[in-house]
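Written out below as structure tokens is the structure these notes cover.
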Amino acid sequence: MSAKPLLQGRLRVPGDKSISHRSIMLGAIAEGETRISGFLEGADALATLTAFRRMGVRIQGPDRGEVQVRGVGLRGLQAPDAPLDMGNSGTSMRLLAGLLAGQSFPATLVGDASLKRRPMRRVTEPLGLMGARIGTSEQGTAPLTIEPTAQLRGIDYRMPVASAQVKSCLLLAGLFAQGETCVTEPAPTRDHTERMLTAFGYSVRRTARRVCLTGGGRLSACRLQIPADISSAAFFLVGASIAPGSDLTLEGVGINPTRVGVINILRGMGADIELLERHTAGGEPVADIRVRAARLKGIPIPVDQVPLAIDEFPALFIAAACATGETLLTGAEELRVKESDRIQVMADGLLTLGIRAEPLPDGIRIQGGQIGPGVVEAQGDHRIAMAFAIAGLGASGPIEVRDCANVETSFPGFAALAASAGLPIEEVRP
Ligand code: S3P
């Protein structure tokens, strides 16, 4: 019998997806040339890049993560000649809805089958309060049809859900609005928009849960170094934790405090994770993360960590499946409206692999055990596909993952990188 796979060595996962989107958006409406390095060349960030090209912005690259954006200033975007296709990307659609709501031209935003199912009223309603005119389907979903608006008005908005996309959408609309726009969040969410606006020289006023800006200012082009994506690193943090003998270092990963829920939760489960070479790049904290295999135990996941780990739960559920005892997640109903219903799709897959997983309306209960071999459906969700691939490190036999082409949206080269660290993944093209 061949030796069990484990993860070893050093690797760098691709650039942060959230920051890559924002680098193009802010670079496009800034004055001067913004130079970006570490840009994620995945389909989601490329959808944003292409949308701005279609609105007259000259963008060079991406070439090995290097991108140059010739900013057109706050009022320089041009009408696109056809609907803008956001593909699978909720971030592109929700943030662009805000950025385009105050333009003098109409625009239509469309997306793929998954994006067309996702709720958009969370952005169109507050944008409506600002004076925007945006149509959705009867179900409140894409396509979004944005009509020109003479002048948006700033609002003071209390978000009902903890969503960085909603917050960012409103702040981007606020750039084009008269007066002050303030957003209060029920719990802290990723603050890349606020940090990047500051890097572009735009004044943003922040207190613990509230952020305000005044419309009509100017953004000055800058240099941005995008860190490796902690959401992509998460698969390897879990993989190395569950595969005995593993010792892996992930280089240059963004460790923004609003994104480190996955580290906090894994440490709570007993993971051996060290942060090395800590520094700041492009206004974001960065570190090398060393992770060694450890015995994990199930825990009740602290609710305050949920927004800080919102994209990492598919990977964390695999950690829970390999842990001793029960892991209970609550307060995470948002997972039902991600690229797929991540609670149901993960529960179905775990059950198929012999793990007791009970979906709850706002979370899941997982009893750790031995992951078995089997065939699971990723339902076109990139993070679910990668989570089940990594589960192979803790499984008693091979796992086949179906419907996983969308891994390209956030992590191009995932299979090759995983193989280079020690997890053999055989890609089967249809
Ligand atoms: C994102 C915010 C989160 C996250 C998504 C990226 C962002 O969505 O799940 O992958 O870049 O602002 P919500 O704001 O819907 O929680």
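Counting starts at 1 for both ligands and their atoms, in listed order. The first residue in the sequence is number 1, and the count goes up from there.
Distance from atom 12 (O) of ligand 1 to its nearest protein heavy atom, with residue and atom name: Arg22 NH2, 2.7 Å.
Heavy atoms of His192 found under 4.0 angstrom from ligand 1: none, in either backbone or side chain. Here Lys167 has no heavy atoms under 4.0 Å from ligand 1, in either its backbone or its side chain. Here Lys338 has side-chain heavy atoms under 4.0 Å from ligand 1, and that is the only part of it that gets that close.
Between Leu237 and the choices Ile390, Ile263, Leu316, the side-chain contact (heavy atoms from CB on, under 4.5 Å) rule is met once, by Ile263.
Considering both main-chain and side-chain atoms, Ile310 never comes within under 3.5 Å of ligand 1 through any nitrogen or oxygen pair. At least one N or O atom of Asp311 sits closer than 3.5 Å to an N or O atom of ligand 1. Residue Arg383 places no N or O, backbone or side chain, under 3.5 Å from any N or O of ligand 1.
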Derivation of the side-chain hydrogen bond (donor to acceptor under 3.5 Å, both in side chains) call for Ser37 and Gln225
CA-CA 5 Å; Ser37 59; Gln225 233 181 304; 5.2 Å; no
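Ligand 1 places these atoms under 4.0 Å from at least one heavy atom of Ser163: 13 (P), 14 (O), 15 (O).
With a 6.0 Å radius and a threshold of 12 heavy atoms from other residues, nucleotides or ligands, Glu66 has its CD atom above the threshold.
Salt bridge absent: Arg356 and Glu358 never bring a charged side-chain N and a carboxylate O closer than 4.0 Å. Salt-bridge check for Lys17 with Asp311: failed, with every basic side-chain N at 4.0 Å or more from each acidic carboxylate O.
Evaluation of the disulfide bond (SG atoms under 2.5 Å apart) rule for Cys222 yields no partner, not counting sequence neighbours.
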